Amino acid sequence: MSSDTTIAPEALTFSDLGLSPKVLSAVTDAGYTQPTPIQAGAIPHALLGKDILGIAQTGTGKTASFVLPMLTRLEKGRARARMPRTLILEPTRELAAQVEENFIRYGKNHKLNIALLIGGVSFDEQDKKLERGADVLIATPGRLLDHRERGKLLLNGVEILVIDEADRMLDMGFIPDIERICEMIPFTRQTLFFSATMPPEITKLTEKFLHAPVRVEVSKAASAATNIIQRLVKSGSKPWDKRETLRNLMKAEDAELKNAIIFCNRKVEVSELFRSLLKYDFDAGALHGDMDQRARMQMLANFRDGKLRYLVASDVAARGLDIPDVSHVFNYDVPIHAEDYVHRIGRTGRAGRSGKSFTIATKSDTKYIDAIERLIGNKIEWHDGDLSTVVASEGGEDDAPRRGKGAPRRAGRKDDDRKDRGGERKPRERHAKHSEEAAPATVREDQPVVAEVEVADIGERRARKDAIRSENTERKSSDRNEQRAPERGDTRPQRDSNRPARHRQEDNDATVGFGDDMPAFMRIVAKV
DNA sequence: AAAAAAT
């Protein structure tokens, strides 16, 4: 079939990959010298115009592995009106925006027109950019097709097509859309295809739409990232029980906790938990797909900039979002699909840092936990800390709304949110440094990365595949309820119908890293 | 049991 080439990334710098001087200078300005494995493996082939099948999660430097060669290749030629030269498909709006940031950052020496076509924002600006001729078009599938149906977009000039996070597109039911879009683009194009996993449907897709692809795989050496401490935490199953467990956990971890993402399974839960945490004076924000786009971007930017310590989120934030240096992940709910667990906890422990994840588990979660443990090939330890003592021993420093004297522990379902606020909000000590001594062997740009073929874990990978398959049931789109999460600081539910003008937040200067962001447990296998 | 994405 194909020969295996083992890449030794430590021998490479970006200047060895064949990128243009303009691109190299932008990369240097961003402070990077050494490519990650996926970059070292993919970029040379992408520059030669070959199709790429990249098997990698975000956080591996995947985005730059297609952005940089695309920029180099775009230096020849010019865009024509309504005929974009390249197209990048992303599953979520945030990811699309993140890719745009990468193009802006690394394309600063180019004069390229970049158009971002995502939902939730007005068509006008997007139309103008298309009309002007886009060198780079970044889109979510729905809005892209919408533009095309309105006749504002011709896809037969596309030279390079990128399909990112293909397995997630599958989960979200986008595959028919992706197939439609692929069929609109001439087969002479170059296709760069990325997926974290390769379920059968995705393999089928690559067979249909890729031509003799170079396969570049960055796989985890072992099931669990050793730099992430994972714990299960027992809790009662009622919402108020879980909220209490969570608060106690947050307080118990306070000294080590820099910032945290708290995942819920449902949007309503995100909203409820978010409001509850605000009542308890936690410095929290919320993020889910029914919030308007402006609020989504704002929350994310604030969290990245350290203006928010806690982000309560749905799985919209589970994958791909590039938020460096999240110290903790809390699963308020056990994810129903085991693969989501891996993505969620992967938001911490990035760039070889240490990270902690806690998953609140109730009796009814057992079978989901079993599935997760099967997938990661490990038992997750139970948290041994006694959370009940945390509350009692702290004289109530943070636990603002205290129960009234002699009040029954639990009266009704409205629970904590109904208690009075118990005084003014206190400034909380923020950003307690998490312990340096706990840091595992880290991989930075300046450190060598061991390159080797992982053969030991075939059984584990098969188990993972099976688990993923079993989780991948047919999903239909759910109805969108009208609920919007309020903005931070406003604890009232917002149900007004006259939504504010939506537009993208432009001043988002979040780190768009790659070299900095390679977990220590990654290895590369490049098959040519 | 959900979320995401086009209006």
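All chains are named by letter (A, B, ...) in the order of the sequence lines, taking the proteins before the strands, and each is independently numbered beginning at 1. Since this is a predicted model, take the numbers as computed values, not measurements.
- For the pair Phe263(A) CZ and dA2(B) P, the interatomic distance rounds to 18 Å; values are reported in whole Å.
- A salt bridge is absent between Glu159(A) and Arg73(A): the closest approach of a Lys/Arg side-chain nitrogen to an acidic carboxylate oxygen does not fall below 4.0 angstrom.
- Per the geometry, CD1 belonging to Ile178(A) stands 11 Å off P belonging to dA6(B), to the nearest Å.
- With hydrogens and angles left out, the side chain of His288(A) and the base of dA4(B) share no donor-acceptor pair within 3.5 Å.
- Distances shown here put every side-chain N or O of Ser364(A) at or beyond 4.0 Å from the OP1 or OP2 atom of dA1(B).
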Assess the residue pair Glu90(A) and Glu100(A) against the criterion (side-chain contact (heavy atoms from CB on, under 4.5 Å)); give the C-alpha distance rounded to whole Å, side-chain angles, the decisive distance to 0.1 Å, and a yes or no.
CA-CA 11 Å; Glu90(A) 294 287 336; Glu100(A) 185 194 30; over 6 Å; no

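- Between the CD1 atom of Ile118(A) and the C1' atom of dA4(B) there is a distance of 13 Å, rounded to whole Å.
- In this entry the distance linking CZ of Arg168(A) with C1' of dA2(B) reads 12 Å, nearest Å.
- Ring-plane geometry between Phe358(A) and Phe330(A) is classed as parallel, the angle between the planes falling under 30 degrees on a 0 to 90 degree scale with a further cut at 60.
- For Arg143(A), taking side-chain heavy atoms from C-beta onward, the closest of the listed nucleotides dA3(B), dA1(B), dT7(B) is dT7(B).
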Please lay out, stage by stage, how Phe123(A) and His147(A) fare under the test ring pair (Phe, Tyr, Trp, His ring centres under 6.0 Å).
CA-CA 8 Å; Phe123(A) 281 91; His147(A) 274 282; 5.0 Å; yes

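- Nucleotide dA2(B) holds its C1' atom 14 Å from the CG atom of Asp365(A), rounded to whole Å.
- Whole-Å rounding puts the Arg266(A) CZ to dA2(B) P distance at 5 Å.
- An OP1 or OP2 oxygen of dA4(B) is reached within less than 4.0 angstrom by a side-chain nitrogen or oxygen of Ser314(A).
- Within 4.0 Å of Arg148(A), counting heavy atoms only, lies no atom of the nucleic acid at all.
- For dA4(B), the OP1/OP2 oxygens have no side-chain nitrogen or oxygen of Arg296(A) closer than 4.0 Å.
- In this structure, Arg150(A) places its CZ atom 11 Å from P of dT7(B), rounding to the nearest Å.
- Atom NE2 in His337(A) sits about 13 Å away from atom P in dA4(B), given to the nearest Å.
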